[in-house]
2 protein chains.
Amino acid sequence: MSLSYALLGLLSGDRPMNGYAIKALFDEAISHVWQAKLSQIYRELDALEAKGLLVSSIEEQRDRPSKRLYRATEEGKKAFLDWLGSVPESYASPKRDEFMLRLFFGSLAGPELVAREFRGFLGHMREHRASFENLHSHLAERFPGDPAMERADRICREDRYCEFIRRRAVLLAEASIAWAEECLAELEAEGDGRA
Amino acid sequence: MSLSYALLGLLSGDRPMNGYAIKALFDEAISHVWQAKLSQIYRELDALEAKGLLVSSIEEQRDRPSKRLYRATEEGKKAFLDWLGSVPESYASPKRDEFMLRLFFGSLAGPELVAREFRGFLGHMREHRASFENLHSHLAERFPGDPAMERADRICREDRYCEFIRRRAVLLAEASIAWAEECLAELEAEGDGRA
DNA sequence: GGGTATTAGTCAACATGTTGGATAGTGGTT
DNA sequence: AACCACTATCCAACATGTTGACTAATACCC
């Protein structure tokens with residue numbers, strides 16, 4: 001699946017990374033594209049190393065716990081590039097949206113409850129949109145002296161594809177906000193008329 | 001989690017349903033909100049019955065395999081309504097988008113490959129959008145004589161919240177299409193200039 | 001000196017999702 | 001007659017994702 005390719009991709013560069021830093025990178029840069037928990041990342045790194053697609057080495061640090069640095073083997077890089085060049089099975093991402101499911105049962109909940117949920121959703125989406133406007137990743141600050149993190153930070157700021165991704169996130173957030181405002185207005189107009 | 005509440009919600013009405021029909025309902029009406037495989041649905045129905053939230057009965061059919069009809073118990077209905085009235089933990093749905101992940105590694109893939117993926121994505125999204133324009137669910141046709149399916153069909157057509165959901169799906173699809181067209185145009189403009 | 005936060009990694013258990021096959025009758029196609 | 005598609009249920013195995021706990025060192029605050 002894709003998580004392993006994401007890891008291989010991140011570790012295909014010349015700068016090795018440890019699990020903890022990868023998690024930070026996921027959270028700051030990839031979280032609206034792909035999410036993963038720390039324990040999942042570690043497990044996956046283990047599995048990839050067992051398959052010979054990654055190798056790891058321990059780096060001792062003076063003032064901190066020592067860390068295990070991973071890098072892709074030649075085989076790992078090849079596996080990643082093969083995946084990148086392959087045709088994706090599907091362009092549809094799996095849908096599992098609790099808010100929408102609740103909305104589906106809206107008639108059983110009643111308009112007031114639904115309106116409340118819409119307000120919560122709007123709050124969330126507005127925050128979400130704002131988070132793109134004033135965001136630059138803090139990876140370099142959080143991992144001072146880590147070349148992999150400095151590079152990642154720079155890429156997130158400069159890379160055109162990262163910019164594409166950011167633009168889409170903003171557009172989708174705006175579409176969702178406009179939609180929710182319209183639905184809420186409809187619900188409230190009716191509520192006023194009745195109550 | 002939410003799948004069990006989705007099932008309880010569907011089975012809280014006065015019309016019992018069997019697993020196969022529930023799967024069809026998921027596919028036709030809820031698929032862009034929540035997806036589930038047949039085996040998962042059966043397993044979940046089992047678990048809910050074991051907890052006393054559902055009861056089942058076998059209905060023999062002349063010309064077809066007999067089916068197991070589920071309906072919610074009073075306890076099940078209560079559990080569903082409690083969930084519906086509760087505040088959702090999060091309005092963010094888990095993100096796991098393969099296409100976006102590939103795009104994140106765009107610089108490693110190169111503009112031609114990325115452009116190809118964008119074309120695939122556009123094809124998918126245009127189909128997706130079109131599927132809302134000429135769609136009315138065929139549940140009643142597929143399950144002739146099944147009152148639960150006739151009702152579900154009608155609700156999907158008439159219910160305002162289903163209409164909200166449909167509208168959002170269309171808006172998001174349109175935003176994605178506009179975004180992808182713009183990105184693709186940028187990539188192609190550059191490709192022409194160089195090639 | 002004690003509590004808490006941060007950095008770093010590991011593990012067990014559980015929850016959820018996916019794949020594929022077994023079973024079984026009906027109806028239609030080649 | 002052989003094969004496939006549809007309706008229907010169930011199960012085992014595996015893959016993936018989530019939660020929470022545990023270890024350990026350092027730093028920072030009170």
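Throughout, a chain's letter reflects where its sequence line sits, starting with A, and its residues are numbered from 1. Just so it is clear, the values below take in all heavy atoms, side chains as well, and ignore hydrogens, waters and symmetry mates.
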Quick one: which of C/dT16, C/dT10, D/dT18 gets closest to the side chain of A/Lys37? D/dT18
Report the residues that fulfil salt bridge (charged side-chain N to carboxylate O under 4.0 Å, His left out) with B/Glu163, sequence neighbours left out, ordered by chain and then residue number. B/Arg166
Tell me which nucleotide among D/dT18, D/dA12, D/dA8 gets nearest to the side chain of B/Phe143. D/dA8
Sub-3.5 Å pairs of nitrogen or oxygen atoms, protein against nucleotides 21-26 of chain C:
none

Any Lys/Arg nitrogen of A/Arg119 or A/Glu188 sitting under 4.0 Å from an Asp/Glu carboxylate oxygen of the other? yes
Distance, rounded to the nearest Å, where B/Ile41 contributes CD1 and D/dA8 contributes C1': 13 Å
Specify the separation, in whole Å, of atom CG of A/Leu139 and atom P of C/dT6. 16 Å
On a heavy-atom basis, which atom in A/Arg71 and which in A/Pro16 lie closest, and how many Å separate them? NH2-CG, 3.5 Å
Nearest nucleotide by nearest heavy atom, which residue falls closer to the 5' end of DNA chain D, A/Leu3 or B/Ser66? B/Ser66
Quick check for you: among C/dA8, C/dT16, D/dA8, whose closest atom lies nearest to any side-chain atom of A/Tyr42? C/dA8
Close side-chain approach of A/Arg142 to A/Met149, heavy-atom, < 4.5 Å: no
May I ask you to say what A/Leu38 touches in the nucleic acid, namely base, sugar-phosphate or nothing, with a heavy-atom cut-off under 4.0 Å? nothing
B/Lys77/B/Glu74 ion pair, N-O < 4.0 Å: yes
Under 4.0 Å, heavy atom to any atom of DNA chain C: which of residues 9-25 of chain A qualify? A/Asn18, A/Gly19, A/Tyr20
Side-chain contact test, heavy atoms from C-beta onward, threshold under 4.5 Å: evaluate it for B/His128 versus B/Met125 and give yes or no. yes
Base-pair map of DNA chain D as dot-bracket, where | denotes pairing with a different strand and pairs are Watson-Crick or G-U under 3.5 Å: ||||||||||||||||||||||||||||||
Any donor-acceptor pair under 3.5 Å joining the side chain of A/Ser39 to the base of D/dT19? yes
Tell me what B/Arg43 touches on the nucleic acid: a base, only sugar-phosphate, or nothing, going by heavy atoms under 4.0 Å. base
Could you state the CD-P distance from A/Glu59 to C/dT7, rounded to the nearest angstrom? 16 Å
To the nearest Å, how far apart are A/Gln35 CD and C/dT16 C1'? 16 Å
How close or far is atom P of C/dT7 from atom NE2 of A/His138, stated in whole angstroms? 13 Å
Do any of residues 86-97 of chain B sit with a heavy atom less than 4.0 Å from DNA chain C, and if so which? none
Under 3.5 Å, side chain of B/Ser4 to main-chain N/O of B/Met1, donor-acceptor pair present? yes
If you check the A/Gln40 side chain, which of D/dT18, D/dT9, C/dG9 turns out closest? D/dT18
Using whole Å, what does the distance between atom P of nucleotide D/dA24 and atom CZ of A/Arg68 come to? 17 Å
In terms of the angle between their ring planes, are B/Phe99 and B/Phe121 parallel, tilted or perpendicular, with boundaries placed at 30° and 60°? parallel
Ignoring hydrogens and angles, tell me if any N or O in the side chain of A/Arg116 forms a donor-acceptor pair with the backbone of B/Gly85 under 3.5 Å. yes
Is there a side-chain contact between A/Arg167 and B/Cys183 in this structure, where contact means two heavy atoms from C-beta onward sitting under 4.5 Å apart? yes
Checking A/Trp83 side chain against A/Ala6 main chain: does a donor-acceptor pair fall under 3.5 Å? no
Residues of residues 44-58 of chain B with any non-hydrogen atom less than 4.0 angstrom from an atom of DNA chain C: list those, numerically ordered, please. none
If I take atom CG in residue A/Leu7 and atom P in nucleotide D/dT16, what distance separates them, rounded to the nearest angstrom? 12 Å
Of the listed nucleotides C/dG17, C/dT10, D/dT18, the one nearest the side chain of B/Trp34: C/dG17
